[in-house]
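Naming convention: chains lettered A, B, ... in sequence-line order (proteins, then strands); numbering from 1 in each chain.
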Protein chains: 2
Amino acid sequence: MELNTTTKISEAVIRRLTDYLRCIRCAGEAGRDMLTSLEISERCGLNASIVRKDLAQFGAYGVKGMGYNVRDLTRQINKILGLDKLKDVVLVGAGHLGTAIIRYPGFADVNFNFIAAFDTDPEKIGKTIGYAKVYPLEELKPFIRKHAIQIVVLTVPSSEAQAIVNDLDPGYVKGVLNFTAVIFPPKQNNMFVHNIDLAKELEVISYCMKNCLSQGS
Amino acid sequence: MELNTTTKISEAVIRRLTDYLRCIRCAGEAGRDMLTSLEISERCGLNASIVRKDLAQFGAYGVKGMGYNVRDLTRQINKILGLDKLKDVVLVGAGHLGTAIIRYPGFADVNFNFIAAFDTDPEKIGKTIGYAKVYPLEELKPFIRKHAIQIVVLTVPSSEAQAIVNDLDPGYVKGVLNFTAVIFPPKQNNMFVHNIDLAKELEVISYCMKNCLSQGS
DNA sequence: CCATGTGAAAGCGTTCACAGCG
DNA sequence: CGCTGTGAACGCTTTCACATGG
């Protein structure tokens, strides 16, 4: 039951783990307390073998002949992904997308907590989005220091993205979720940057439709 | 200069192509008219070799000793991805996320045009988001038929997702961009479904921070 | 001389097939 | 008997290294 923390795990595995988590949680809510690798694989559109391999990589959770215990597995995957503790997150750029993200219901499930937003627009400053108050951008740096913020979500116009990232303090910030069209290298200033481009997803589907590619998330 | 349409292209290649497109467009706006595979690779956080392989796969665009012509390359990649023609798209679920998506500035760049939104909330019906009018959900089906809509973006609560997807007419709809937490198989009713989960992206970054994984978008 | 285009080699990730165990 | 856990086979992707050509 020990977690394996030595081996290098690829991002593909991590992404699948998040899918398992979602489908296991869903099955749990439906009253299931055991799930087989086959069931998980079908719900996630995968091969059963890879589900077992992925899970085995972190320690042997399964019971032969039975499957995996929903409760244990949820806890384990949460722990692997580092979702077992509440994480404070701040948003930079309180536009439409930023607002939608703060209000997105899926974040609480995974223990993410938006505690503040930052913007330059005086109209927005002082307002509250969800539980997050909007502060002027100048206060971002001291706020990060004061609250030891480790994760920043970036939803500013693309033109401002670089300057903000440059100015983040790598002594505190370890991860940036970048929703702008700027492509940052995966490691910037010792911070993990994760680029998300909503248009990209539509572009991929455009190609899939044009030609014929069978591929999932 | 002919496009290769026979070989099977993996989704990984397509995703990189969208990155190339973005960084090439950006370089073009900065006044560059030639780019080398090395420059593209650095901007996208990749190896130069794979950039050349990807591009060569669709025909030889490069000029030896010089690099790639920005203007031509943009046009070619747009064509490969099927972004060369304007596409009408509808949104189902006019909540915060849906609103943000319609207003997201990146879609016009790639010729996506949100022409309507659908919702059950009487408060929202009749209003306009961007250029899209909000209609009652009942009108989705006839609207799709009337306007021959091929792409649907789904931003409804997760509990309603399955019913809506089941009810889409595969005679018209070829692609669904699913923002709900429900995981759909990549092909549902002969439609391409692409699952996007915003929480997933934070989960991945959470893991990256906890352990140490170097990986990009 | 410089950067492309491309075989050949290396590295990864997935699938298969089955032994082992409850 | 059913399902996990896993070595071994397979196939795909990426990287290397260099011949080719403007």
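The side chain to side chain contact (heavy atoms under 4.5 Å, CB included) check on K141(B) picks up R145(B), D167(B), with sequence neighbours excluded. Under the rule for a side chain to side chain contact (heavy atoms under 4.5 Å, CB included), the partners of F143(B) that lie at least two apart in sequence or sit in another chain are V90(B), I115(B), A116(B), F118(B), Y135(B), H147(B), I149(B). Scored by the side chain to side chain contact (heavy atoms under 4.5 Å, CB included) test, A100(B) finds H96(A), L97(A), A100(A) as partners (sequence neighbours excluded). Legend: residues meeting side-chain hydrogen bond (donor to acceptor under 3.5 Å, both in side chains) with N111(B), ordered by chain and number and at least two apart, are absent. For P185(B), the side chain to side chain contact (heavy atoms under 4.5 Å, CB included) partners two or more places apart in sequence, or in a different chain, are Q188(B). In this structure N166(B) satisfies the side-chain hydrogen bond (donor to acceptor under 3.5 Å, both in side chains) test together with Q162(B), sequence neighbours excluded.
Residue pairs meeting the salt bridge (charged side-chain N to carboxylate O under 4.0 Å, His left out) criterion with at least one member in residues 84-113 of chain A, sequence neighbours excluded, do not occur. Applying the side chain to side chain donor-acceptor pair (under 3.5 Å) definition to pairs two or more places apart or across chains, those involving residues 172-181 of chain B are N178(B)-T180(B), N178(B)-N195(B).
Bounding nucleotides for the chain A contact on DNA chain D, 5' to 3', at a heavy-atom distance below 4.0 Å, are dG2(D) to dA8(D).
Axis angle, first five pairs versus last five pairs of the helix from dC1(C)-dG22(D) to dG22(C)-dC1(D): 10°, rounded to 10°.
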Subject >> Where protein sits on nucleotides 4-12 of chain C, one letter per nucleotide: B base, S sugar-phosphate only, - none, heavy atoms under 4.0 Å >> reply: BBBBB----
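Distance, E42(B) CD to dA3(C) C1': 14 Å, rounded to whole Å.
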**OP:** Take Y131(A) and F114(A) through the ring-ring contact (aromatic ring centres under 6.0 Å, His included) test and state the conclusion after the steps.
**Re:** CA-CA 7 Å; Y131(A) 298 106; F114(A) 283 88; over 10 Å; no
Output side-chain donor-acceptor pairs under 3.5 Å for residues 38-47 of chain A, partner residues at least two apart or in another chain, one line each.
from	atom 1	to	atom 2	distance (Å)
E39(A)	OE1	R32(A)	NH2	3.2
E39(A)	OE1	T36(A)	N	3.1
E39(A)	OE2	R32(A)	NH1	2.9
E39(A)	OE2	R32(A)	NH2	3.0
S41(A)	OG	S37(A)	O	3.3
S41(A)	OG	L38(A)	O	2.6
N47(A)	OD1	S49(A)	N	2.6

